[in-house]
Number of protein chains: 2
Amino acid sequence: MTTADSPARASYHHGDLRHALLAAGMELARDGGPDAVVLREATRRVGVSPNAAYRHFADRDALLSAVSDAALAMLAGRIDALFDAIPSGSPEAVARAQLRAVGTGYVAFALDEPGLFRTAFFVPTNLETSSAASKSGPSGRSPLELLTVALDEFVASGIMPAARRPQAEFLAWSSVHGFALLLIDGPLRALPRAQADAVTQRVIDMVEAGFTAP
Amino acid sequence: MTTADSPARASYHHGDLRHALLAAGMELARDGGPDAVVLREATRRVGVSPNAAYRHFADRDALLSAVSDAALAMLAGRIDALFDAIPSGSPEAVARAQLRAVGTGYVAFALDEPGLFRTAFFVPTNLETSSAASKSGPSGRSPLELLTVALDEFVASGIMPAARRPQAEFLAWSSVHGFALLLIDGPLRALPRAQADAVTQRVIDMVEAGFTAP
DNA sequence: CTTCTTATGTTAACGCTGTCAACACTGTCA
DNA sequence: TGACAGTGTTGACAGCGTTAACATAAGAAG
């Protein structure tokens, strides 16, 4: 266990403090969201003095940003897994399944890890640049890139008019992102998981209909 | 000017401190969002000691909640205005215009007052109970209620299958809310206003298509 | 008109946070 | 061996939310 050497470390130098602080930050974010990512608490958990953090992060915001990126990468991984599990078939079917995978994975992550989800997105700068390398999943593709792949296929397979293609990513993203927020912080908070999953599919239905309607 | 008697008030008692603190809180939220609503700063602006606030608000969260409610009421007012300006016509046309009014007003408020918009919604408890009296517009109808009116008319006028009606509010809300966030904090931040307005209409098109598609 | 009570505002203090400055330890390269 | 850069520590400061005790004003009761 390289993380959390609570009792007391052997050497004066920690060895991998940056990584340890990031891990502690993830823990804090997991149950508590972005506001819970507190620099002093992270150093406390790692067993190091507060100011040691400043050797690895410019300030608290830098730590929070790193945690946010890591959370985004987890989200990407989740979507990636669903994306890659899609069986081959007709181009239309694959495209529809890909769109569904992105939306489903997105919402599922929000439900399973609300704290990390909030941390991933409630940091303003991170909605902005959500396709950087550090924020991608194992395949190296960011959620936005996966969404782009799916939508391009919508056009290529002829089920979406090309005129509707520009900025379609953001229409789809809006719906799923907003829905995730309603689920974890909003009026749908109390919705049982099974029902939440069902309504998620309806959200995706709506998006799909909006793209493919005549 | 009843607000902000900066120099020094005449009497020991302020007179309308609760209101003044709320106004100061709104100012802070307007440029800075929820995190900028700082209790001590609000009292400073009103010209009163920090602890005076505790005679009117249980804690900082109570002040923030009040500010959040006021912001939500402003949003409701904005939507209300568009809603009431809809000319009469066929039931379908009116229903479509109503849905469009809610979405358009929602996004317009987010663009015009991003700080207040964030404050209205990034306080978890306020997405939850967004149809309370204190959060409604001048007409007394909350945004959610206006949306419900529009969607009921979608079914009544026959352009939306009744089977699709349950929880349709949340599908529409998700899209518009998520889109507003992408616009003010996300990748669409730099989008010129005219273009933002145009894409907003496409978001609403998508929602409408999802509701009325065959 | 005085007195008691209640509402409201103030002062003092605590622990928490992020952060700067100065100091201490340690592994590395000359 | 010694300089040096990297890393962790101590001490301190201002700002925050919050509690407890005190001060002042306004109104009700006598």
Side-chain angles (χ1 to χ4, degrees), chain A residues 2-25 27-29 31-68 119 122-125, chain B residues 2-25 27-29 31-68 119 122-125:
Chain A
T2 47
T3 43
D5 45 356
S6 332
R9 62 185 185 287
S11 62
Y12 184 86
H13 286 351
H14 179 283
D16 196 8
L17 185 52
R18 186 192 161 87
H19 185 77
L21 286 173
L22 218 163
E27 261 187 38
L28 292 170
D31 41 60
D35 288 351
V37 178
V38 157
L39 196 146
R40 290 181 100 110
E41 175 63 22
T43 59
R44 216 174 286 134
R45 295 195 177 196
V46 173
V48 95
S49 84
N51 287 349
Y54 287 87
R55 301 293 177 190
H56 302 274
F57 299 95
D59 53 15
R60 186 235 173 201
D61 256 24
L63 170 62
L64 183 54
S65 258
V67 172
S68 182
T119 307
F122 283 33
V123 176
T125 62
Chain B
T2 46
T3 44
D5 44 356
S6 333
R9 63 184 186 285
S11 62
Y12 184 87
H13 285 355
H14 179 282
D16 195 8
L17 184 52
R18 185 190 162 87
H19 185 77
L21 286 173
L22 217 163
E27 259 186 40
L28 293 170
D31 40 60
D35 288 350
V37 178
V38 161
L39 196 145
R40 290 179 102 111
E41 174 62 22
T43 60
R44 216 173 287 134
R45 295 194 176 198
V46 173
V48 94
S49 85
N51 288 352
Y54 287 87
R55 299 296 176 187
H56 302 274
F57 299 96
D59 53 15
R60 186 236 174 201
D61 256 25
L63 170 61
L64 183 54
S65 258
V67 172
S68 182
T119 307
F122 283 35
V123 176
T125 62

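Excluded from the calculations below are hydrogen atoms, water molecules and symmetry mates; all remaining heavy atoms, backbone and side chain alike, are included. Convention: sequence-line order gives letters A, B, ...; per-chain numbering from 1.
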Whole angstrom value for the distance that separates [atom2] of [N] from [atom1] of [X]:
X: Leu28(B); N: dC16(D); atom1: CG; atom2: C1'; value: 14 Å
X: Leu21(A); N: dG18(C); atom1: CG; atom2: P; value: 12 Å
X: Phe57(B); N: dT19(D); atom1: CZ; atom2: P; value: 16 Å
X: Glu41(B); N: dA14(D); atom1: CD; atom2: P; value: 18 Å
X: Asp61(A); N: dT19(C); atom1: CG; atom2: C1'; value: 13 Å
X: Asp35(A); N: dC16(D); atom1: CG; atom2: C1'; value: 14 Å
X: Leu63(A); N: dT17(C); atom1: CG; atom2: P; value: 14 Å
X: Arg60(A); N: dT17(C); atom1: CZ; atom2: P; value: 11 Å

Note: for Ala58(B) and Ala52(A) on DNA chain D, the residue whose nearest nucleotide lies more 5' is Ala52(A)
Between Thr119(B) (side chain) and Ser68(B) (backbone), is there a donor-acceptor pair under 3.5 Å?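 Between the backbone of Ser68(B) and the side chain of Thr119(B) there is no qualifying donor-acceptor contact (under 3.5 Å).
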Requested in this report: Start with the C-alpha gap between Leu39(B) and Leu21(B), add the side-chain angles, then the distance that decides, and say whether side chain to side chain contact (heavy atoms under 4.5 Å, CB included) holds.
Outcome: CA-CA 9 Å; Leu39(B) 196 145; Leu21(B) 286 173; over 6 Å; no
Considering only dT18(D), dT19(C), dT11(C), which nucleotide approaches the side chain of Asp59(B) most closely?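 Of dT18(D), dT19(C), dT11(C), dT18(D) is nearest to the side chain of Asp59(B).
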Discussion item. Determine whether a donor-acceptor pair (one donor, one acceptor, N or O, separation below 3.5 Å) exists between the side chain of Asn51(B) and the base of dG17(D).
Written reply: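 Checked by distance alone, the answer is no.
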Can you check whether any acceptor in the base of dT19(C) is under 3.5 Å from a donor in the side chain of Arg40(A), or vice versa?
yes
### Query
Do the non-hydrogen side-chain atoms of Thr43(B) and Leu17(B) ever get within less than 4.5 Å of each other?
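Sidechains of Leu17(B) and Thr43(B): no contact.
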Query raised in the report: Hey, is the side chain of Tyr54(A) poking within less than 4.0 Å of OP1 or OP2 on dT19(C), counting only N and O atoms?
Result: yes
- request: State whether Arg44(B) places a side-chain N or O below 4.0 Å from either non-bridging phosphate oxygen (OP1 or OP2) of dC16(D).
  value: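 Answer yes for this pair, as a side-chain N or O of Arg44(B) is under 4.0 Å from OP1 or OP2.
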Could you give all pairs that pass the salt bridge (charged side-chain N to carboxylate O under 4.0 Å, His left out) test and reach residues 33-44 of chain B, with sequence neighbours left out?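 Of all non-adjacent pairs touching residues 33-44 of chain B, those that pass salt bridge (charged side-chain N to carboxylate O under 4.0 Å, His left out) are Glu41(B)-Arg44(B), Glu41(B)-Arg45(B).
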Can you sort out the partners of Ala36(A) under side-chain contact (heavy atoms from CB on, under 4.5 Å), two or more places apart, ordered by chain and number?
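Applying side-chain contact (heavy atoms from CB on, under 4.5 Å) to Ala36(A) gives none.
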